[in-house]
There are 2 protein chains.
Amino acid sequence: MIRVAVIEDLSSYRSALQVLLNGTAGFECMAVFENAEIAYNELPVLQPDIALVDINLPGMNGIELVRFIRTASPTTLCMMCTAYDEDEKVFKALEAGAHGYILKSTSPAKLLEAIVDLKNGGSPMSHEIARKVVMTFNKKPNPDLAQLTSRETELLKLLVEGLLYKEIAVRLGISIETVKRHCFNIYQKLHVSNRSEAINKYHGNHHH
Amino acid sequence: MIRVAVIEDLSSYRSALQVLLNGTAGFECMAVFENAEIAYNELPVLQPDIALVDINLPGMNGIELVRFIRTASPTTLCMMCTAYDEDEKVFKALEAGAHGYILKSTSPAKLLEAIVDLKNGGSPMSHEIARKVVMTFNKKPNPDLAQLTSRETELLKLLVEGLLYKEIAVRLGISIETVKRHCFNIYQKLHVSNRSEAINKYHGNHHH
DNA sequence: CCAGTTATACAACAAAAGGGGGATTGACTG
DNA sequence: CAGTCAATCCCCCTTTTGTTGTATAACTGG
């Protein structure tokens, strides 16, 4: 029996979920909440297996609620549920600790399947969401980095780690003067003039 | 008709895929390759819709091959296929440009489903893989960062960007001495002793 | 109103990083 | 074999960064 809590402001969708869950063997809709504030108080006590959280809630939004749930009810798995796949919110939600992310257009059958998947250690995501998530990994390496020799690359990694020149010298068993010379060459090849800029180049400029 | 190419060194699995694909309506196994080198030469000409690539190949591995395919045949979607879900390889593969990542334990039916999903803009992943991928986003912000005042946070962002002290001073309209003082305070709060370490703390220490 | 915090600033110093020049060695290459 | 290149080291010098002491004005909570 999978114990689910629903946090959703739209009453029609909220009720539909409740009926669907309670009408299916193996599922129990243990609570429904119309906003994040009420859920905030009740969820730590209920400790559901799954929290189905709408992103766009009045007042505190779903992402903040997930961030809270993840610490206040660590065993609860959070599935975001939203009408549109707004790019930024997807990643904000995952950073907050969401385990799955589905669209409201998902069919009831697929929704139940997703809940089971979540419980079994998966991370169900809608088509578009999964592709977006995977695409964030696809970083094209800066071509400048390819110009570095293997020794320079080795040294760059230590630079990125934040080691002092003298620490790098010890680590590589070379003179500090050689470290400086390598850095000089690396900066030339990367077209930067200091360590911080080199770190940014190394990380491909934009985080995630 | 979805045109699939298979790159897989294990002949039994390779043949099984070929039979499965050619025996199913809507799929065509247009080519099979037993190693990456042959595929390297042929794929740019074939331009398949989907490449099913085994990760562990003799000689050039599947990840390098995917990196090549993504530039030499940009419309081809790459699905990694591997026996075990070795953590590092998953992310290396996604960075190289893989669109999907499934385990060989996946049933034939699910495999076909995954290929269709891929073609339709999704990114099919096995249970465990999807959870791993999602988990990399779940970065708990360093509590030290919360200790910073808003001004310090503002300054830290400029530090991370790699600006010189004097540039920061101009940008914020304050004296360079004040910049230094702020940095000093920031380093104290983050428990670091230089800019590079602060950048690492800001980015949550481990890349991805 | 007092104590604490924040942002600001100056001075002086120490440490680290950056930017050249020049030189040697070994390995690989046409 | 001559030439190139990667890796190493040394020297000198400048700029930047990090540390510390001190101080003031503004605001904030008890």
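Since we're looking at a predicted model, the values are computed, not measured. Each chain gets a letter, A, B and so on, in the order its sequence line appears, and its residues count up from 1.
- At the phosphate of D/dG18, neither OP1 nor OP2 sits under 4.0 Å from any side-chain N or O atom of B/Ser193.
- For the residue pair A/Asn61 / A/Lys89, no side-chain donor-acceptor distance below 3.5 Å is found, with atom types taken as modelled.
- Looking at heavy-atom distances under 4.0 Å, B/Asn185 makes no contact with the nucleic acid at all.
- Remark: C1' of D/dT20 and CZ of B/Arg181 are 7 Å apart, rounded to the nearest angstrom.
- Taking the nucleotide of DNA chain D with the nearest heavy atom to each of B/Tyr187 and A/Val179, the more 5' of the two is matched to A/Val179.
- If you check every strand for non-hydrogen atoms under 4.0 Å, B/Thr178 touches a base.
- Heavy atoms of other residues, nucleotides or ligands lying less than 6.0 angstrom from NZ of A/Lys166 number 12 at most.
- One can place NE2 of A/His182 at 11 Å from P of D/dA6, the figure rounded to the nearest angstrom.
- Between the side chains of A/Asn120 and B/His127, no donor-acceptor pair of N or O atoms lies under 3.5 Å.
- Using a 4.0 Å cutoff to heavy atoms of chain A, the contacted part of DNA chain C runs 5' to 3' from C/dA16 to C/dG22.
- Nucleic acid contact class of B/Lys180 (heavy atoms, under 4.0 Å, all strands): base.
- To the nearest angstrom, P of D/dT17 lies 17 Å from CZ of B/Phe184.
- Projected onto DNA chain C by closest heavy-atom contact, A/Asn194 and B/Ile176 fall at different nucleotides, the more 5' of which corresponds to B/Ile176.
- Counting heavy atoms of neighbouring residues, nucleotides and ligands inside a 6.0 Å radius, atom OH of B/Tyr40 does not exceed 12 of them.
- Here D/dT15 presents its C1' atom at 12 Å from OH of A/Tyr165, a figure rounded to the nearest Å.
- Atom CD in A/Glu197 sits about 18 Å away from atom P in D/dT15, given to the nearest Å.
- Between A/Arg151 and D/dT8 there is a side-chain polar atom (N or O) within less than 4.0 angstrom of OP1 or OP2.
- Looking at every heavy atom in both residues, B/Ala72 comes nearest to B/Pro74 through C-CD, 3.7 Å.
- Under the 4.0 Å criterion applied to side-chain N and carboxylate O atoms, B/Asp9 and B/Arg14 are not assigned as salt-bridge partners.
- Rounded to whole angstrom, the span from the CD atom of A/Gln147 across to the P atom of D/dC5 amounts to 13 Å.
- The distance between atom CD1 of A/Ile174 and atom C1' of D/dC9, rounded to the nearest whole Å, is 10 Å.
- One interatomic measurement links the two molecules: CD of B/Glu167 to P of D/dT16, which rounds to 9 Å at whole-angstrom precision.
- Among residues two or more places apart in sequence or in another chain, the ring pair (Phe, Tyr, Trp, His ring centres under 6.0 Å) test is passed with A/Tyr165 by none.
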